[in-house]
Structure formats: C-alpha cells, structure tokens
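Working notes, beginning with the structure itself.
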Amino acid sequence: MSIAKTYNPKEAEEKWYAYWMENGFFRSTPDEREPYTIVMPPPNVTGVLHMGHMLNNTIQDVLIRRARMLGKNACWVPGTDHASIATEAKVVAMLKEQGIDKKSLSREDFLKHAWEWKEKYGGIILKQLEKLGASCDWERTKFTMDPDLSESVLDTFIRFYNAGYIYRGVRMVNWDPQGKTALSDEEVIRREVNQKLYYVRYKIKDSDEHIVIATTRPETIMADTAICINPNDERYTHLKGKKVLVPLINREIPVIEDEYVEMEFGTGCLKVTPAHDLNDYELGQKHNLEVIDLLNDDGTLNENAQILVGEDRFIARKKVAKMLEEVGQIEKIEDYKSQVGFSERTDAAIEPKLSMQWWLKMDELAKPALEYVENGTIKLIPEKFFASYKHWMENVKDWCISRQLWWGQRIPAWYNEKNEWVIAKTEADAIAVFAEQGKTSEGLRQEDDVLDTWFSSGLWPMSVFDGVRNPDNADFQYYYPTNDLVTAPEILFFWVARMIIMGHDYTQKPPFKNVYLTGIVRDKLGRKMSKSLGNSPDPIELMGQYGTDGVRVGMLLSSPAGNDLMFDVSYCEQGRNFANKIWNAFRLVKGWETIDSPATDAQKTAATWFESRFNQAIAEIDEHFANYRLSDALMATYKLIWDDFCAWYLELVKPAYQAPIERETLETVKRLFQQVLKLAHPFMPFLTEELWHDEIFGTRDAKDCIIVASYPTAQSFDTQIVKDFEIVQQIISEVRSIRNSKGISPKIELPLAINATNIDFSTYQESIVKLANISDLTFVQDKVQGAVSFLAGKNECFVLLENNIDVDAERERITKEIEYLKGFLVSVDKKLSNERFVQNAKPEVVENEQNKKADAEDKIKILEESLASLS
RNA sequence: GGAGAAUUAGCUCAGCUGGUUCAGAGCAUCUGCCUUACAAGCAGAGGGUCACUGGUUCGAAUCCAGUAUUCUCCACCA
C-alpha cells in the first residue's frame, strides 16, 4: 500500500499524455467560446529537439494550458517547415553517402528521394514535443509543403506579382560556387580570415607615372571598370579625368571620384569591380560603369578574364599575383585580416555575384507592418525590441525570394523557347497566357528556382487555417488573428515581420496580437548552446533524468522574456525537487485517518488564512501572466505551494502522530489542495494530473481531468488576516531562532508570554503553541522578568528559559535594536523637519513618514522599558 | 561604422512612472537537525558602497551626462 517516497515521473507522463489524446482534450473546433490561438513556430523538418525548442514550446504549452483552463477554446497548431536549404543539404549528403551525386539525378528523382527522407525522418521533432507534454491539436499538424500550403504560396506569389510587388532582376547576391545557388544573407556565415593585401601598380595612360591600389583579390583586376578616388584627396588631384590601364591586359579605364572612398585605408585609391563586389556594384550603378563578370558559376574564370581562363579563382589569385610581380607591378604585399563570408552548408567562400533573381519590393508593404507595432495593435514583449524592429522596417531592402534549389515551392514562372516568360499557376494557364499575349509556348519550361522558405512560413498563421486560398472558411474566421506568437528574437525580421506584412496584405489585420520573444539558451559560460559546440544537453535525456515537469519548471525559472538564459541543470534539479515536494505533501494528506468531527477553531482560522493568501497569490500570478512574466508567475506559484501551503498550512492542521484528523478539516485540505494543483498545472501538467485522479479526491468521471478543470479566479479576501498572521509567523520564527542560537532542541517545549497590544491572538493561540512548541502560552500586561524578549510588531514577547538568561547579552541585544531604531528615527525626523520635504512631497508620503515616526517611537519606548527592567 | 541593451548578494535575476526599514527573490553557502510527508527535506543564520564619476532633486538602485566593461542586432573598407 505504501506509496513511493519520491515522485516517479515516467509512468505518469506516458499514461496521461495518452489519456489526454484519447479524450481529445487537445482538439479544438470553432464554437461559441472565445478562441485562444497559438501557431507553433514550425521547426525545421530536419530538426531534432534542442534546448531552444524546449524553452519555446514549454512557454507555449504553459500559455495554452492556462487559457484552456480559463475556459477559452484553446488551439495550438503544430507543424514543420520544409527549410529548403537545410533539408536539401541533408538529402544531398545522404545521397552522397549512398554514392549518388545530386547532379546525376533529375529534379523529379531528387525530389522523390527528398520526400522519402521527409516521410522517414521528418516527424521526429514533433514526436519529441509530445514528450514535453505539448498539448497541440495534432490533427491540425501542417507542413509548409503540404499541397494546400504550397498552393497558398503560389497564390501569394501571383497576388504580389499582379500587384506589382514582385519583379525579376539582376542583382548582387551571395553566390555559393559549390552549391551553385544564391543564398540569403542569413545563410552566410562571416569569419575573419588571414589574407594578403596586394599593392598593385596601375599605369596612368600617356604618362610614366602609376598609381597604387590595395586589393585582396588580384584575380578580379581584369574585371575592373574604373579607379575611384576621394574628390577631397589632395594627393590625387592630378589624376582627375585621367585614364589608367588595367595591368596584364592593358584595358583602359577611367578615374572616377566618390566620397565613398576612405582616404585613410590602403592607398586611398579603390579599384572598382562592379561584378564582384557589392559596394563596387553600387558605385558602378551610380557612375554608369560597365559591368564585366569574369567568373563562371563554379568559381572558375571565364573568357572575360582574357587570361587564365578556366582556372579556379583561388589558383588564379596566386597566379595573377605572380604575373604582376614578374612585370614589376606589385609594390608590396601585406598580411591582412578581413571578414569573408562562407556558405553555411558547403563552407565554400561566398562570391558576390550578379545574377538574375526574383525580388519582392518591400518599402510599401513594410509600412503598415511598422504601424501595427508602433500603435500597439501588435505588442512586442519585451518592448525593447521595438527599436530594432522599427530600424529594420524603415530601412528595409527588397527581398531576394528565389533560390536555385529543388526542394521547395517552384517559382511559377514559365519560359518559352525565346526566353520570354509569364507568371502562371499551372502549365495550362501558362500556355493560355502566352497565347493571350500572342506568344509561342513552344519549349515551355520552368527554371530551377524555388521560393525562399520564409516566403511560405510568412503565410503560416493564415495558411494553417487555409486562410489564403479560402478566407471565408469557418476555422480561419474563428481562429485568425491568432493571440500569442512565441519565438526567438533572431527571427524577428526574417519571420515575424514577414508574417505581419503578408497577414496584413491579405486580411488587413495583424496575424497575432502579442509577440513573446524568448531568450537564447546559453551555457554557464554564456555561449549559445549549439550542436557544433557540443555544449547542449539533450532535452530528452534531461526529461528522463529530472522528469518532464522538472525540466519545464527548470527552463522557466530562469527565463524572463527576451533575456537570454544561462542554463544549468541545477534549475532542473530545483524543478524536480518542487515536483517531489508536491508529491510528498500529497503523501501526507493521503495518509491521514479521519475522525467524524467538525473542524476546530484553529483549523478554521488556518484555512481562512490560507485562502486569503491563496487569493492574494492568484491576483499576483494573473498579473504576471498579463505581463508575460512567466518565471515570476511560476515563482509565485512555487512559493505559495512550498511555503504557504506546505510549510504553514499543512503544518498548522497536521494532526499529532497517528492521530486522526477532523473530517471537515480534511475535506477543506483536499479542496485547497486541488486548487493549488490547478495553479501548478500549466507548469507541471503530468504530476498534477496524476494526483488529481487519486481516490482521495473522490471518484471522477472519465472527462474530469485537471487539464480541463477551471483555473481558480481571484476572490476578494481579508488583508487583515494576512497581516495578522505575519505577526504570528514572526513570533514562531523568533522562538525557533532563540532555540537555535541557544542550542535548545526543537523537541523541548518552552513557555511563552505575549504582551498583546494591537492583535487579538485568541484564534492563533493554538497555532503558536503547536508550531513554536510552546509548553504554556500566557498573555501578560507587563514585563516578564528574567526572560528573553523580542518584538513582533508592537507585541512584546517573552520566552522563559530554564537556565538563567545572560543579562548582559540581553542588554546588548536590546540596546542594539534600540540604536537601530533610533538611527531610523533620526532619518525620518530629518525628513519631517525639512520644510521643503513637507512642502513638496505628496501628502500621503508625508503621512507615511509620520506613521513611521510614531511606530518607531512606540517600539523604542517598549524596548527601553525592557532594558530598564533587566537590571 | 550604425543601432539597441545590460552592469544590483557567490550564481541567475526582480525592483513599473524617484518617497514604506528599499536594498529583495530563488538557488548556492554556513550552523543545527535522519522531528512520525519529503535529507530531492526541516529549522535558523550570514552575505551587496545597486559598475565608476559627476549632475538634477527636499530625497536617486530608480532620472540625466560622461567613463569602463559586456552582450545582441544591422552594415562592413577595397
């Protein structure tokens, strides 16, 4: 019969998750209740649960569970993201292991492999989320490449195209010569590398002079189309309007002037290579320079280079340097450190390259998205992110939405044999459009362009409810706009901003009301937890070790919104200990025998006090939730349960060893126990559900689960009883402290006398005797000689010890306290005698000071009398 | 280079628009307890010049300026 001394989470977790699923508690369909909706930030379909997911989804689950208990129609939509680049890279790597080269496959065959891979491994992370207790509506699980979501993406492309927001154009992109695709900025990792800075001499036309230019990329000089100097640079005034010759190939290029050139850097002269550098490109645009692209897609030199055609760019670099040296056009070579971009997936050095890409015009679209946040329609939590959101929105650049990949939604552009193109959803539509325009559709084809993944995830809050294709459907009408979005600040722009933009464009409404930005999970050394660093614990293992509830509590304890959290397993330990505490409180109550009698007055008082504290705590917790202070809400719950419920309330009503408890009181304890379990449920779903169903709480219907129980609401309560009880607690603590300092065992009863001045202790008498282990509690009007005394509020208390008290020590202690109070009094007096204070401060502040003064004077008086009576 | 944020106890953090003894919480630490729910526990205790320097104010952890250190984001010099 005996029940385990410690809580064993494993069994409960599996049992109750299955039970919740069976009973459809996670399911949501539109009804007359108020909806509360969260769409899960879809993890990469390739993903494996890491600490970031753990934090993020724990927060969402807490919010959704609480909303459900508050009677809202809670709907949490899960799903995964197809993550073009990451997934394609994984599939390519897998194929490589099997000895298959991607290039040898047709698009169709590759996609077949990719889908197979997705079916096999794609659901792992969602399964892992179940372990964490995520109460998602799994029947609504979506994938960004589900047919309906993909169709939404095409519809959106066409919509934006027809509205004139999408254009096709040659722009500088991050080119991965190994993967042969454009990359977004996010996919480029910058690292500092050691390079050489070559000082190259360019001959000035019709002169013996030359001009020296510093470059790290001599292999691109054949693509130079100008030399640029700063117009304010007096050293080069004589070069204005001159022409110079590109070394090795002797092509003539102009000297242009632009203040962009830093006079202090290098030689103060810049070679302009518009095809191979972003800034040069912009400079070239400004000055109408020719663009010469001397690189092939694979990073080798093409015919435009004139020399070294077919050589790889890095080999060419060395060779060009050598050739320059041979003709005496290298002045010097310096070591130099600079930032170079590398492809996240292939690790190839990124080549800024001009290429034809699809773009979404952002400036107009961004405006309403900024307004939403500016005027508070969408709240960012914490607010500090608004500044950078605003900065980004006001300086938004056009978005390169095409990727040269196979895994993703194909850009719905169709080309004929003449390379004319039209935008159309289907092949048939394309033929029709070509026909309309009187053009041929011979040789109809699509390019290997897919849309950036963020383009599809930008639709997520709408597309999961099919709101793009079918905005009038009941789900979309009911659930959209969603309530809270919980995500990482890193993707505020890439994802959150784009959802707002797209959501507004379709619906004229924001896609969500609140954006809760979580922190980054770091290790104790402050490093971001990552797979590559190997400093991230496996959440699944953690849950096995500390229990899911323990880990959930551990994650939340240290994670104020938006601040990074320095994760340490000790938090999980704390969470586990808390679970165990509740478990043992339950064991205590479960073990009680009853006697058929009504509650005693002391028990009634204890219950009244606890209920007051309980209501006070609910108000605090509600406020914390309203401000998205989840860790504070949890801490308030923690203290209510551990301190108020276990350490005080249960101790107060606990019967003597093997004695029965009054039936009425036991019923009250059980009722209150269930109430605190409800408060804990959002944080600790498994433990609370396990206890909820124990027979001591009576038999329950199958559907009577804590997950759908109603969350307690704050009732008004008597604040006086809470205040009075604080004095009682103080008295008990003081007696214990006296014991401790005198080495008196807690088992030895002590007599206590109280000179009650402003509290009626009659209802607390029994409690004090019990918890302070008092042999005889008396009330007196005078000093008690030979006792250790202390003040609880203005009530002087006396503990009579068997041994004679150390009068000197007593005198010293009281004197110290008097000194302290007098010091305090001086500071209060100083304020009150300051005319400017009395004049300027608010009346209630002044009144407060006067109360403090009176209070301190009273206490000093009592203590001084004690001191006098000591001798 | 631009922008934003942070600095409070050994650690992680609260402290909202200046005014209760405002200097707090949890953890950790120390002391005493295997007390009949829980040693994953109980009781008690110690611990901070609120980064530094000025200023505003009757009054500053709180507001302002500067300094130092740290972090994040954005853009990057050939």
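In what follows, chains carry the letters A, B, and so on, assigned in the order in which the sequence lines appear, proteins first and then strands, with residues in each chain numbered from 1.
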Between the side chains of A/D224 and A/T273, is a donor N or O closer than 3.5 angstrom to an acceptor N or O?
yes
Does B/rG4 pair with anything, Watson-Crick or G-U wobble, both distances under 3.5 Å, and if so, with which nucleotide?
B/rC71
Mind checking the P distance from B/rA51 to B/rU62? Whole angstroms is fine.
8 Å
Touch class at under 4.0 angstrom, heavy-atom based, for A/W592 against every strand present:
nothing
Could a donor-acceptor pair under 3.5 angstrom be found where the side chain of A/K5 meets the base of B/rC38?
no
Output yes when at least one side-chain N/O atom of A/W642 is less than 4.0 Å from OP1 or OP2 of B/rC42, else no.
yes
So which one's nearest nucleotide on RNA chain B is more toward 5', A/W648 or A/N834?
A/W648
By nearest atom, which of the nucleotides B/rG44, B/rC58, B/rA37 is closest to the A/R736 side chain?
B/rG44
What's the closest nucleotide to the A/N577 side chain, out of B/rC42, B/rA40, B/rG26?
B/rA40
Looking at B/rC42, I'd like to know if its phosphate oxygens (OP1 or OP2) sit under 4.0 Å from a side-chain N or O belonging to A/K581.
yes
So A/T216, base contact, sugar-phosphate only, or nothing? Heavy-atom distance under 4.0 Å.
sugar-phosphate
Determine whether a donor-acceptor pair (one donor, one acceptor, N or O, separation below 3.5 Å) exists between the side chain of A/E651 and the base of B/rA37.
yes
Please state whether the phosphate of B/rC77, meaning OP1 or OP2, lies under 4.0 angstrom from any side-chain nitrogen or oxygen of A/N279.
yes
If only side-chain N and O atoms of A/Y638 are considered, is one of them under 4.0 Å from the OP1 or OP2 phosphate oxygen of B/rC27?
yes
Categorize A/Y571 for me: base, sugar-phosphate, or nothing, with a 4.0 angstrom heavy-atom threshold over every strand shown.
sugar-phosphate
